[in-house]
Amino acid sequence: QVQLVESGGGVVQAGGSLRLSCSASGITVSINAMGWYRQAPGKQRELVAAISSFGRLNYADSVKGRFAISRDNAKNTVYLQMNSLKPEDTAVYYCKAIRGGYDYWGQGTQVTVSS
C-alpha cells in the first residue's frame, strides 16, 4: 500500500508562487509514475503534471511553462512548483501514484489564487 500526503497549499495572489509537496509512505518501491491532478468545484479532475519512474515529464497545456514537477527519491517526495499563478488555477490539488497497476491518491490540498 502507498499513502500520499500533500502539503503546501494556501492562498496566493495572482502572479504569485506556491510549492506543493507530496510525501509517500508505505510500500514506495516500484512506483511507476506520480502526478499532480486538480479539481475545481463543478469540474472534472484533470491532470496537471506527471513524472515517470525514469524521469519523463508531462504537463497540461494550461500550466506548461509555469509549473514544474520534480522528485526527490531519497525523501520519497514529489513537488509541484507553481509560478505565475492565475485565478483559474484555483482548485484542490491531489497527488497520485501508480504502482502495480493500482492508483493511489492523497487527500488533496486547497490552492486558492485571488485576483
Side-chain angles (χ1 to χ4, degrees):
Q1 299 292 325
V2 177
Q3 294 81 45
L4 303 172
V5 179
E6 304 98 330
S7 62
V11 180
V12 65
Q13 295 182 8
S17 299
L18 284 174
R19 189 192 190 204
L20 305 183
S21 298
C22 174
S23 297
S25 61
I27 305 175
T28 58
V29 297
S30 300
I31 293 178
N32 300 117
M34 298 187 71
W36 288 94
Y37 291 71
R38 67 186 181 188
Q39 187 168 21
K43 296 185 177 180
Q44 293 182 274
R45 189 172 299 186
E46 64 175 348
L47 174 68
V48 177
I51 183 168
S52 71
S53 60
F54 54 90
R56 184 168 183 170
L57 308 177
N58 189 34
Y59 296 96
D61 289 340
S62 60
V63 307
K64 192 171 185 178
R66 300 188 297 119
F67 292 9
I69 188 171
S70 61
R71 67 183 184 186
D72 186 336
N73 290 333
K75 297 181 179 180
N76 295 318
T77 301
V78 174
Y79 305 94
L80 183 67
Q81 179 67 47
M82 305 186 294
N83 299 321
S84 301
L85 283 162
K86 305 174 181 179
E88 50 263 44
D89 294 320
T90 296
V92 177
Y93 284 71
Y94 298 90
C95 181
K96 177 186 176 181
I98 301 175
R99 183 184 184 276
Y102 293 90
D103 295 346
Y104 301 89
W105 293 91
Q107 82 287 350
T109 184
Q110 176 71 47
V111 172
T112 301
V113 184
S114 63
S115 59

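A quick note: this is a predicted structure, and the numbers were derived from the prediction, not measured.
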Open item on the list: Between T90 and V113 (side chain of the first, backbone of the second, donor and acceptor by atom type, cut-off under 3.5 Å), is there such a pair?
Closed with: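 Yes: the side chain of T90 pairs with the backbone of V113.
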Keeping the roles fixed (side chain from E6, backbone from T109), state whether a donor-acceptor pair exists under 3.5 Å.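 No; zero donor-acceptor contacts below 3.5 Å.
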Is there side-chain contact between [X] and [Y], with at least one heavy-atom pair below 4.5 Å?
X: L4; Y: M34; result: yes
X: I51; Y: W36; result: no
X: I31; Y: R99; result: yes

Is there a chain of hydrophobic side chains (I, L, V, M, F, W, Y, each step under 4.5 Å between heavy atoms) that links [X] to [Y]?
X: L18; Y: Y59; result: yes
X: M82; Y: I69; result: yes
X: L20; Y: Y94; result: no
X: V12; Y: L80; result: yes
X: Y79; Y: V2; result: no

Let's go through I27 and Q1 carefully: what are the C-alpha distance in whole Å and the side-chain angles of both, what is the deciding distance for side-chain contact (heavy atoms from CB on, under 4.5 Å) to 0.1 Å, and is it a yes or a no? CA-CA 5 Å; I27 305 175; Q1 299 292 325; 5.5 Å; no
Kindly compute the distance separating [atom1] ([X]) from [atom2] ([Y]), expressed to the nearest 0.5 Å.
X: N76; Y: C22; atom1: CG; atom2: SG; answer: 10.0 Å
X: Q3; Y: C95; atom1: CD; atom2: SG; answer: 12.0 Å
X: L57; Y: K64; atom1: CG; atom2: NZ; answer: 10.0 Å
X: S21; Y: Q81; atom1: OG; atom2: CD; answer: 9.5 Å

What is the minimum heavy-atom distance between P87 and A14, and which atoms define it?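 Residues P87 and A14, closest heavy atoms: CD-CB, 4.2 Å.
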Among all residues two or more places apart in sequence or in another chain, which pass the side chain to side chain donor-acceptor pair (under 3.5 Å) test with S70?
->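 Side chain to side chain donor-acceptor pair (under 3.5 Å) check on S70 returns nothing, list empty.
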message = Among residues at least two apart in sequence or on other chains, which ones pass side chain to side chain donor-acceptor pair (under 3.5 Å) with D89?
response =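 D89 satisfies side chain to side chain donor-acceptor pair (under 3.5 Å) with R38, R66 only.
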Mark yes when over 12 heavy atoms from residues, nucleotides or ligands other than Q13 sit less than 6.0 Å from its CD; otherwise mark no.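 Atom CD in Q13 is not crowded, with 12 or fewer foreign heavy atoms closer than 6.0 Å.
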inquiry  = Among residues at least two apart in sequence or on other chains, which ones pass ring pair (Phe, Tyr, Trp, His ring centres under 6.0 Å) with Y37?
reply    =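 With neighbours one apart ignored, the set is W105.
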Practice prompt. Indicate whether any N or O donor in one side chain lies under 3.5 Å from an N or O acceptor in the other, for N83 and S17.
Written response: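 Judged by distance alone, the side chains do pair up.
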